[in-house]
There are 2 protein chains.
Amino acid sequence: MKLDPQEIEARFRRHAVRVTRQRAAIYAALAETTSHPTAEDLYRTVKRQHPMMSRNTVYYTLGVLRQAGLAQEVNVGHEVARFDGNVAVHHHLVCLGCGQIVDVMDDGLNQLAISSRQARGFHVLGHRVEFHGYCADCQPAGLSAMDRRG
Amino acid sequence: MKLDPQEIEARFRRHAVRVTRQRAAIYAALAETTSHPTAEDLYRTVKRQHPMMSRNTVYYTLGVLRQAGLAQEVNVGHEVARFDGNVAVHHHLVCLGCGQIVDVMDDGLNQLAISSRQARGFHVLGHRVEFHGYCADCQPAGLSAMDRRG
DNA sequence: TGCTATGTAGGAATCATTCCTGTCTAGTGG
DNA sequence: CCACTAGACAGGAATGATTCCTACATAGCA
Ligand SMILES: [Mn+2]
Ligand SMILES: [Mn+2]
Ligand SMILES: [Zn+2]
Ligand SMILES: [Zn+2]
């Protein structure tokens, strides 16, 4: 959904992030999609309105947004970094075929704990769950509807 | 624990992996540790016994072992790839301070499911849970024992 | 024991990300 | 409203893990 420039500016100020055209454009591109774009995706998107935009600014800005808590990095497998403007606690479902990443909002998953015996003295701060499988468009041919049940 | 060369050869043959000194050495180094080493770690370890070993062979072999189901890649954050000779289904606990990765074997975590409403037509094959926090050696100074409870 | 598909060593190439440097400007205080 | 300065920007160079390429070696098999 389209994000009001005023709202973007308000969020930046609330998080002590300096307001610039480039940042607003990058954040808008990130926050208005649920596709978990790469830095390069954002660069291409934003370059349409800002032809002078450099990749460096995209990377730098993503770092700033991340530190400010306005964005997070999502890592799937060892592919290029993908970014998420949704900073609510949530998890992901990844298609092994086309690489798309879908949000999974599920309170149950947010409650996962680890037994203290397994915690090995760690102070655990959080966790991340990543489901993988094939999306409807990528189901391998040999996979029948029956196999898909459950 | 030390792994018998005979056992290594047996596993290779069972998984239709050609037996070479280099592979046996790489697999031994990987399977005898629980530290989830990087390719570079394995290269350095194995190079002591095999001075001619090339990095390429390490990468190539890790690919072969992975396809054969004798190793898996573990990705934490966007750091360099780490490898795991433990192919049983299990999860990980990552220290945000020193980067160490500890195995978490917990049947409960292996049972996680996703509601069909959230599955969005995906055929889900598996999932991965990654806990993060600070290990005993890396607990931030400001963190008291009280905070650590729970 | 020889053949052939595969593996290996070493070096070049790739490419996402980071680093560097010289402008430029948002925010601020006078 | 103006000037100052910390921080942001563009563009290009550097980095570094991983992959690619190629000529030589060897495991597995008849
Ligand atoms: Mn998300
Ligand atoms: Mn493990
Ligand atoms: Zn797909
Ligand atoms: Zn630690």
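Predicted model, so just to flag it, every value in this text is computed and none were measured. Sequence lines set the chain letters: A, B, ... in the order given, protein chains first and strands last, and positions in each chain run from 1.
Of all the heavy atoms in B:H36 and B:T34, the pair that sits closest is ND1-O, 3.0 Å.
A close approach under 4.0 Å does occur between a side-chain nitrogen or oxygen of B:Q22 and OP1 or OP2 of C:dA9. Of the side-chain N and O atoms in A:T20, none sit less than 4.0 angstrom from OP1 or OP2 of C:dT25.
For DNA chain D, the neighbouring residues in residues 7-18 of chain B, judged by any heavy atom under 4.0 Å, are B:R13, B:R18. Against DNA chain D, the stretch residues 46-70 of chain A makes heavy-atom approaches under 4.0 Å through A:M52, A:M53, A:S54, A:N56, A:T57, A:Y60, A:T61.
Projected onto DNA chain C by closest heavy-atom contact, B:R23 and B:H78 fall at different nucleotides, the more 5' of which corresponds to B:R23.
Comparing the helix axis at one end of the helix from C:dT1-D:dA30 to C:dG30-D:dC1 with that at the other, each defined from 5 consecutive pairs, gives an inter-axis angle of 40° (nearest 10°).
Put simply, the side chain of A:H90 never gets that close to the backbone of A:D103: no donor and acceptor are under 3.5 Å apart. Using modelled atom types, no side-chain atom of A:Q100 and backbone atom of A:S35 make a donor-acceptor pair closer than 3.5 Å. A donor-acceptor contact shorter than 3.5 Å is absent between the side chain of B:E73 and the backbone of A:G77. Within the 3.5 Å criterion, the main-chain N or O of B:A68 finds a donor-acceptor partner in the side chain of B:H15.
Atom CZ of A:R14 is surrounded by more than 12 heavy atoms from other residues, nucleotides or ligands within 6.0 Å. Counting heavy atoms of neighbouring residues, nucleotides and ligands inside a 6.0 Å radius, atom CZ of B:R66 exceeds 12 of them. No more than 12 heavy-atom neighbours from other residues, nucleotides or ligands sit within 6.0 angstrom of CD on B:Q49. Counting non-hydrogen atoms of other residues, nucleotides and ligands closer than 6.0 Å to CD of B:Q67 gives a total of 12 or fewer.
When DNA chain D is scanned 5' to 3' for any atom under 4.0 Å from a heavy atom of chain A, the first and last hits are D:dA6 to D:dT18.
Between A:R21 atom CZ and C:dC24 atom P there is a gap of 15 Å when expressed in whole angstrom units.
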Validation: residues 125-132 of chain A side-chain donor-acceptor distances under 3.5 Å, sequence neighbours left out:
{"unit_1": "A:H127", "atom_1": "NE2", "unit_2": "A:L109", "atom_2": "O", "d": "2.7"}

Donor-acceptor list for residues 18-27 of chain B side chains, cut-off 3.5 Å, not counting sequence neighbours:
{"unit_1": "B:T20", "atom_1": "OG1", "unit_2": "B:R23", "atom_2": "N", "d": "3.1"}
{"unit_1": "B:R23", "atom_1": "NH1", "unit_2": "B:R18", "atom_2": "O", "d": "3.1"}
{"unit_1": "B:Y27", "atom_1": "OH", "unit_2": "B:R11", "atom_2": "NH1", "d": "2.7"}

Could you please spell out the steps behind the side-chain contact (heavy atoms from CB on, under 4.5 Å) verdict for B:I114 and A:D106? CA-CA 8 Å; B:I114 187 174; A:D106 180 328; 5.6 Å; no
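Of the residues B:K47, B:R48, B:E40, the one that meets the side chain to side chain contact (heavy atoms under 4.5 Å, CB included) test with B:R44 is B:E40.
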